[in-house]
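The block underneath contains the structure these notes are about, expressed in structure tokens.
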There are 2 protein chains.
Amino acid sequence: MRDSEQIVNHAQKFCLENGLRLTKKRRQVLKALVESPFALSAYELRELCKTECDEMLPPMSIYRILDFLQEAGFVHRLNVSNRYTACSHIACEHEHLFSQFLICVKCKMVTEIDIPDLTIKNMKNDAASAGFELESPQLEINGICFTCKNRAA
Amino acid sequence: MRDSEQIVNHAQKFCLENGLRLTKKRRQVLKALVESPFALSAYELRELCKTECDEMLPPMSIYRILDFLQEAGFVHRLNVSNRYTACSHIACEHEHLFSQFLICVKCKMVTEIDIPDLTIKNMKNDAASAGFELESPQLEINGICFTCKNRAA
DNA sequence: TAATTTATGATACTACATATCATTTTGAGA
DNA sequence: TCTCAAAATGATATGTAGTATCATAAATTA
Ligand SMILES: [Zn+2]
Ligand SMILES: [Zn+2]
Ligand SMILES: [Zn+2]
Ligand SMILES: [Zn+2]
């Protein structure tokens with residue numbers, strides 16, 4: 001898990017540069033999310049932190065830490081499943097646009113992609129035709145990843 | 001509210017033709033949903049039914065009724081907000097494709113539109129590029145309806 | 001060091017949802 | 001019409017996601 005350490009270190013650096021504090025517990029929660037291929041609920045994170053560090057954070061703390069991590073842009077909330085996933089762009093100089101999350105119904109793996117401009121444009125038009133102005137959308141879509149699909153075949 | 005009666009009657013007719021039973025309580029819940037411009041939670045529906053008919057259904061019943069109404073295609077569940085909304089196509093011969101729900105952040109009004117083929121195609125391509133095969137998507141998008149937008153201006 | 005801000009903990013509670021078992025209602029067949 | 005089985009609904013308890021509130025601890029700043 002060298003990899004996840006590195007990503008978390010990027011986050012740490014970002015925090016230092018921006019007057020944010022990536023405390024021990026926040027680091028711990030972020031690390032758990034970075035290492036998980038699938039999204040985790042607040043209470044699942046709580047269990048994970050317990051097995052990792054043998055200390056049970058109260059729910060409130062978990063939610064506050066998740067709020068912080070979201071504010072800082074390290075973590076996204078999947079609204080459909082009430083779960084949290086680390087942003088894929090913590091360690092890169094990626095300008096963060098609107099995200100689409102592809103969730104495999106078999107293995108639950110989450111993949112974060114940017115919504116292409118063309119797709120956004122289409123969706124804006126679709127909405128406008130119905131008398132609506134789109135807000136910055138976040139899409140959460142179920143499907144099946146090619147790994148699982150190939151395994152099935 | 002003649003209008004909602006008529007829609008519910010369509011549902012009734014559909015049920016008769018298909019060996020389903022639109023019982024009194026199911027009718028009542030469906031009517032409440034048809035008349036509401038915004039989506040309702042199970043517990044909000046419970047309150048509504050109480051004020052309408054002075055009888056408090058247990059949560060389990062509400063959820064079972066909602067399951068039935070969804071099965072029958074009269075009602076959709078908005079997964080992001082845990083709320084329910086009547087299908088816009090109960091009383092028309094519309095072939096039901098994949099739905100997109102536009103939710104106004106001001107007035108909470110829900111508008112159901114079909115996702116245009118082009119948009120679906122784009123999204124399928126976007127997903128495929130990331131090693132994913134899309135499942136039948138349901139999109140729930142926040143925005144602002146033109147009514148609210150004009151009021152603001 | 002004292003004062004202030006920021007982070008975390010503890011307790012209790014609300015909202016959404018389901019498991020399980022009991023009772024009522026309905027419709028089909030004798 | 002009576003009987004029985006299936007379908008629908010009710011009651012009780014419980015699980016899970018999330019928040020309100022007030023208290024304490026840790027880190028900054030003066
Ligand atoms: Zn991201
Ligand atoms: Zn998969
Ligand atoms: Zn519909
Ligand atoms: Zn509106």
Side-chain angles (χ1 to χ4, degrees), chain A residues 11-12 15-33 36 38-50 52-72 74-85 108 140, chain B residues 11-12 15-33 36 38-50 52-72 74-85 108 140:
Chain A
Q12 187 100 53
C15 284
L16 276 173
E17 287 163 0
N18 291 84
L20 301 173
R21 295 188 215 161
L22 191 62
T23 62
K24 211 166 186 173
K25 314 210 169 188
R26 286 169 176 174
R27 243 189 105 98
Q28 187 179 324
V29 171
L30 178 57
K31 185 154 171 287
L33 284 171
S36 176
F38 48 86
L40 296 166
S41 77
Y43 283 79
E44 284 166 352
L45 273 165
R46 207 178 164 216
E47 290 300 323
L48 256 179
C49 288
K50 185 184 158 199
E52 291 287 314
C53 313
D54 204 48
E55 88 179 299
M56 197 70 151
L57 299 181
M60 204 53 241
S61 292
I62 295 279
Y63 281 106
R64 277 189 290 227
I65 287 169
L66 287 168
D67 284 348
F68 169 85
L69 295 173
Q70 284 178 91
E71 275 300 301
F74 302 144
V75 161
H76 299 289
R77 180 173 198 273
L78 301 186
N79 296 311
V80 169
S81 57
N82 301 326
R83 281 174 161 72
Y84 301 82
T85 185
K108 304 295 174 196
E140 301 167 33
Chain B
Q12 188 101 54
C15 284
L16 276 173
E17 287 163 0
N18 292 84
L20 301 172
R21 295 186 213 165
L22 192 61
T23 63
K24 211 167 186 172
K25 316 210 167 188
R26 287 169 175 173
R27 244 189 105 98
Q28 187 179 324
V29 170
L30 178 57
K31 186 155 170 288
L33 284 171
S36 175
F38 47 87
L40 297 166
S41 76
Y43 283 76
E44 284 166 352
L45 273 166
R46 207 177 165 217
E47 290 300 324
L48 257 178
C49 288
K50 185 184 160 200
E52 290 289 314
C53 313
D54 204 48
E55 86 178 299
M56 197 70 153
L57 300 180
M60 204 53 240
S61 292
I62 296 278
Y63 282 106
R64 276 188 291 228
I65 287 169
L66 287 169
D67 284 348
F68 169 85
L69 295 173
Q70 285 178 90
E71 275 300 301
F74 302 144
V75 161
H76 298 289
R77 179 174 200 272
L78 301 186
N79 295 311
V80 169
S81 57
N82 301 324
R83 281 174 160 71
Y84 301 82
T85 186
K108 304 295 174 197
E140 301 168 33

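Chain identifiers are assigned alphabetically (A, B, ...) following the order of the sequence lines, protein sequences preceding nucleic acid strands; residue numbering begins at 1 within each chain.
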Task: Closest-nucleotide ordering on DNA chain C, the 5'-leading residue of A/M60 and B/R83 - done: A/M60
Task: base_contact_polar (D/dG18 base, A/Y43 side chain, donor-acceptor, <3.5 Å) - done: yes
Open item on the list: Could you tell me how far apart A/D67 (CG) and D/dT19 (P) are, to the nearest whole angstrom?
Closed with: 7 Å
Task: Which nucleotide in D/dG10, C/dG9, D/dG18 has an atom nearest any side-chain atom of A/S61 - done: C/dG9
Task: Minimum-distance pair of heavy atoms, taken over all atoms of A/E44 and A/L40 - done: OE1-CA, 3.3 Å
- [ ] Rounded to the nearest angstrom, tell me the gap between atom CG in B/L45 and atom P in C/dA15.
- [x] 15 Å
Open item on the list: What is the distance, to the nearest angstrom, from the CZ atom on B/R46 to the P atom on C/dA15?
Closed with: 12 Å
Open item on the list: Under 4.0 Å from OP1 or OP2 of D/dA8: is there any side-chain N or O of B/R26 that close?
Closed with: yes
Task: Interatomic distance where CZ belongs to A/R27 and C1' belongs to C/dA7 [whole Å] - done: 17 Å
Open item on the list: Whether A/Y63 contacts D/dG18 is assessed here as follows: a side-chain N or O lying under 4.0 Å from the phosphate OP1 or OP2. Is that the case?
Closed with: yes
Task: Residue pair A/C49, A/V29: steps toward the side-chain contact (heavy atoms from CB on, under 4.5 Å) verdict - done: CA-CA 7 Å; A/C49 288; A/V29 171; 4.0 Å; yes
Open item on the list: Using OP1 and OP2 only, check whether a side-chain N or O of A/T23 sits under 4.0 Å from C/dA7.
Closed with: no
Task: Euclidean distance, atom CG of residue B/L57 to atom C1' of C/dT25 [Å, nearest integer] - done: 15 Å
- [ ] Round to a whole Å and report the spacing from CZ of B/F68 to C1' of D/dA8.
- [x] 11 Å
- [ ] List the atom of B/R21, the atom of B/F68, and the distance in Å for their closest heavy-atom pair.
- [x] O-CZ, 3.5 Å
- [ ] Using whole Å, report how far CD1 of B/I62 lies from C1' of D/dA11.
- [x] 15 Å
TODO: Send over the distance from A/E55 CD to C/dA7 C1', rounded to a whole Å.
DONE: 13 Å
TODO: Work out which heavy atom in A/C15 is nearest to a heavy atom in A/F74; give both atom names and the distance.
DONE: SG-CE1, 3.7 Å
Task: Any A/K24 side-chain N or O less than 4.0 Å from OP1/OP2 of C/dA7 - done: no
- [ ] Name the nucleic acid region contacted by A/R21, choosing base, sugar-phosphate or nothing; use a 4.0 angstrom heavy-atom cut-off, strictly under.
- [x] sugar-phosphate
Task: B/A39 versus B/L78, closest heavy-atom pair with distance - done: CB-CD1, 3.7 Å
- [ ] May I ask you to verify whether the side chain of B/R64 and the base of D/dG10 hold a donor-acceptor pair under 3.5 Å?
- [x] yes
Open item on the list: Does a side-chain N or O of A/N82 approach OP1 or OP2 of D/dT16 to a distance below 4.0 Å, or not?
Closed with: no
Task: Selected nucleotide, minimal atom distance to B/I65 side chain, candidates C/dG9, D/dG18, D/dT9 - done: D/dT9
